[in-house]
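Presented below is the structure to which this report refers.
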Amino acid sequence: MIKKSILGTAVLFSALLVIAGCTNNSPTSSSSSSDKTSETSEKVDVNKLDLPQLDAKVKDNEDLVELQTDKGNIKIKLFPEIAPKAVENFMTHAKKGYYDGLTFHRVINDFMVQGGDPKGDGTGGESIWGKGFGAEPSNQLYHIRGALAMAQSQQPNSIGSQFYIVQNKDDMSDGLLKDWIPNKIIDAYKKGGYPSLDGSYTVFGQVIEGMDVVDKIAAVKTDSNDKPESPVKIKTIKILQEAKTK
């Protein structure tokens with residue numbers, strides 16, 4: 001059973017930087033048009049797509065980082081060919097030490113952990129370009145358990161520095177449409193995730209080691225605003241591999 005309803009999640013994330021559930025589960029479009037969805041599903045066989053999140057091996061065209069926290073370390077591979085702006089933004093910030101010492105300012109057990117805000121309250125942070133940029137949704141990347149994604153507001157081009165890791169463990173596969181979502185991703189959603197976010201937010205990485213650490217962070221005691229009562233800090237983000245360009 002889902003412990004946080006999609007509606008409840010939307011209310012929780014109605015502040016400046018949100019990750020509220022969208023009403024359309026299509027990974028290829030946020031449009032509600034049935035004609036457009038039908039057209040898209042006919043043109044794309046989603047089961048033939050490369051799904052890099054499902055492969056724990058780090059390929060030459062992927063980045064690898066280690067998110068070091070005071071609860072332990074989390075290894076995450078990134079997908080620059082699919083979400084180039086999000087990856088460049090995150091990697092550049094990491095190299096410059098932007099995230100060093102910041103906290104996970106919003107933690108919701110059985111949903112996600114969110115960090116990357118210098119203000120520590122969900123209202124701060126900026127991109128490496130000094131202005132927000134738009135989402136890069138892809139039918140190759142999904143909000144399965146362990147997905148790394150960029151937070152954004154309800155306004156267009158509002159992505160800055162804040163990110164979140166999907167932590168939910170509940171089976172979320174029920175009701176997902178096979179014409180829109182690859183069978184292997186539906187199977188992955190049996191182990192957790194949050195498919196209601198697909199199509200509206202930028203997934204750009206996947207945890208390959210350290211989900212136990214993410215669970216530890218998600219389990220900390222929080223106040224009424226979902227902020228940990230005792231700060232959970234990011235020590236640094238170490239670059240372990242940079243993707244080879246073609």
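L64 and V207 are members of different hydrophobic clusters when ILVMFWY side chains are connected at heavy-atom separations under 4.5 Å. Hydrophobic clustering, with ILVMFWY side chains joined whenever heavy atoms are under 4.5 angstrom apart, groups V87 together with I239. In the hydrophobic clustering of ILVMFWY residues, with side-chain heavy atoms under 4.5 Å counting as a link, M211 and V107 come out together. Clustering ILVMFWY residues whenever any of their side-chain heavy atoms sit less than 4.5 angstrom apart, transitively, puts Y189 in a cluster other than the one holding I208. L197 and L177 end up in the same hydrophobic cluster when Ile, Leu, Val, Met, Phe, Trp and Tyr side chains are linked at under 4.5 Å.
When the shell of 6.0 Å around NZ of K85 is examined, it contains more than 12 heavy atoms from other residues, nucleotides or ligands. In the displayed structure, D223 atom CG is contacted under 6.0 Å by more than 12 heavy atoms of other residues, nucleotides or ligands.
Taking 4.0 Å as the cut-off between side-chain N and carboxylate O, K190 and D187 count as a salt-bridged pair. Using a cutoff of 4.0 Å between basic side-chain nitrogens and carboxylate oxygens, K95 and E242 are scored as salt-bridged.
Using modelled atom types, no side-chain atom of N47 and backbone atom of P182 make a donor-acceptor pair closer than 3.5 Å. The closest donor-acceptor contact from the side chain of N73 to the backbone of G210 lies at 3.5 Å or more, if one exists at all. Q162 places a side-chain N or O within 3.5 Å of a backbone atom of G122 that can act as its donor or acceptor partner. In this structure a side-chain-to-backbone donor-acceptor pair under 3.5 Å is missing from R106 to K227. The main-chain N or O of Q152 is never found under 3.5 Å from a side-chain atom of S158 such that the two would form a donor-acceptor pair. Listed for the Q206 side chain is no donor-acceptor partner under 3.5 Å among the backbone atoms of Y142. Of the possible polar contacts, none joining the D170 side chain to the G192 backbone as a donor-acceptor pair under 3.5 Å is found. The closest donor-acceptor contact from the side chain of T236 to the backbone of K238 lies at 3.5 Å or more, if one exists at all. Side-chain N or O atoms of Q167 include one that pairs as donor or acceptor with a backbone N or O of D110 at under 3.5 Å. Put simply, the side chain of D50 never gets that close to the backbone of Q140: no donor and acceptor are under 3.5 Å apart.
For the pair Y164 and H143, the minimum side-chain heavy-atom distance is below 4.5 Å. V65 has its side chain within reach of F90: a pair of non-hydrogen atoms, C-beta onward, lies under 4.5 Å apart. With contacts defined as side-chain heavy-atom distances shorter than 4.5 Å, the pair N89/W129 qualifies. Annotation: side chain of F104 is in contact with side chain of I234 (closest heavy-atom distance under 4.5 Å). Using a 4.5 Å heavy-atom threshold, the side chains of V213 and L67 count as separate. Counting heavy atoms from C-beta on, the side chains of S230 and V220 never come closer than 4.5 Å. In this structure, the side chains of T103 and P228 stay at 4.5 Å or more apart for every pair of heavy atoms. L54 has its side chain within reach of I185: a pair of non-hydrogen atoms, C-beta onward, lies under 4.5 Å apart.
Atom-to-atom distance recorded for L102:CG and D100:CG is 7.5 Å, nearest 0.5 angstrom. In this structure, the separation between CD on Q53 and CD1 on I144 is 4.0 Å, given to the nearest 0.5 Å. To the nearest 0.5 Å, atoms CG (D63) and CD (E81) are separated by 10.0 Å. Between L78 atom CG and N61 atom CG the span is 11.5 Å, to the nearest 0.5 Å. Between the CD1 atom in I82 and the CG atom in L141 there is a gap of 4.5 Å [rounded to 0.5 Å]. With rounding to the nearest 0.5 angstrom, the CG atom of D226 is 10.5 Å from the CG atom of N109.
Nearest heavy-atom pair, G160 versus M150, reported as atom, atom and distance to 0.1 Å: O-CE, 3.7 Å. Shown here for P118 and G124, the closest heavy-atom pair between the two residues is CD-C, 4.2 Å. Looking at every heavy atom in both residues, Q241 comes nearest to V58 through NE2-CG1, 3.5 Å. Residues S127 and G132 share a closest heavy-atom pair of OG-N, 4.5 Å. For the residue pair D121 and H105, the shortest heavy atom distance occurs at C-CD2, 4.0 Å. Between E126 and Y98 the shortest heavy-atom distance is N-OH, 3.2 Å.
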- Task: Test side chain to side chain contact (heavy atoms under 4.5 Å, CB included) on L49 and V46 and set out the steps.
- Result: CA-CA 5 Å; L49 295 171; V46 293; 4.1 Å; yes

- Message: I'd like to know whether L148 forms a side chain to side chain contact (heavy atoms under 4.5 Å, CB included) with F204, so could you lay out the CA-CA distance, the side-chain angles of the two residues, the decisive distance to 0.1 Å, and finally the verdict.
- Response: CA-CA 6 Å; L148 173 69; F204 68 101; 3.4 Å; yes

- Task: Run the numbers on N168 and R145 for side chain to side chain contact (heavy atoms under 4.5 Å, CB included), then give the verdict.
- Result: CA-CA 6 Å; N168 178 46; R145 175 169 157 83; over 6 Å; no

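With sequence neighbours excluded, the residues forming a salt bridge (charged side-chain N to carboxylate O under 4.0 Å, His left out) with K169 are D215, listed by chain and number. A search for salt bridge (charged side-chain N to carboxylate O under 4.0 Å, His left out) contacts involving E62 returns K77, not counting sequence neighbours. For K191, there are no salt bridge (charged side-chain N to carboxylate O under 4.0 Å, His left out) partners two or more places apart in sequence or in a different chain.
H93 has its ring centre less than 6.0 Å from the ring centre of Y99.
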